[in-house]
Amino acid sequence: IRFFRNLGDSAAAGETKIAGPWTAAVIALLPGAKQAAAGGNSWVVPLPVLELESKQTYHLWMNVTFSSPMPKPEDWPGATTWPR
């Protein structure tokens, strides 16, 4: 995802890379991510954004809503409790 400072800018000011089949798990495991409300459909996550000029990472807090509830990471199955 690329971020621009102003509408119409041709060069991006920042970017973030979160991709792949496990994107939901990746963002739920970011430090500070938490369920926004009971039920697990809505999460507040800190999206890390690299400012391209300074090479510093900042975080944009965003609300992510899933179509189905996602359990809290501490409720995910582990190596010994994974369904077989």
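All heavy atoms count here, side chains included; hydrogens, waters and symmetry mates do not.
Contact record, Val45 with Ala33: CG1-CB, 3.8 Å, taken as the closest heavy-atom pair. Between Gly14 and Leu52 the shortest heavy-atom distance is CA-CG, 4.0 Å. Shown here for Leu30 and Pro48, the closest heavy-atom pair between the two residues is CD1-CD, 4.0 Å. For the residue pair Ala13 and Arg5, the shortest heavy atom distance occurs at CB-CG, 3.5 Å. Pro46 approaches Pro31 most closely through the heavy-atom pair CG-O, 3.1 Å. Smallest separation of non-hydrogen atoms from Met70 and Gln35: O-NE2, 3.2 Å.
For the atom pair Leu50 CG and Lys55 NZ, the distance stands at 6.0 Å (nearest 0.5 Å). Note that CZ of Phe4 and CD of Glu15 are 10.0 Å apart. Values are rounded to the nearest 0.5 Å.
Side-chain contact between Tyr58 and Thr16 is absent, with no heavy atoms from C-beta onward closer than 4.5 Å.
Side chain of Asn63 to backbone of Val44: no donor-acceptor contact under 3.5 angstrom is found.
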Practice task
Check the pair Val49 / Phe3 against side chain to side chain contact (heavy atoms under 4.5 Å, CB included), numbers first and verdict last.
Solution key: CA-CA 8 Å; Val49 176; Phe3 297 90; 3.7 Å; yes
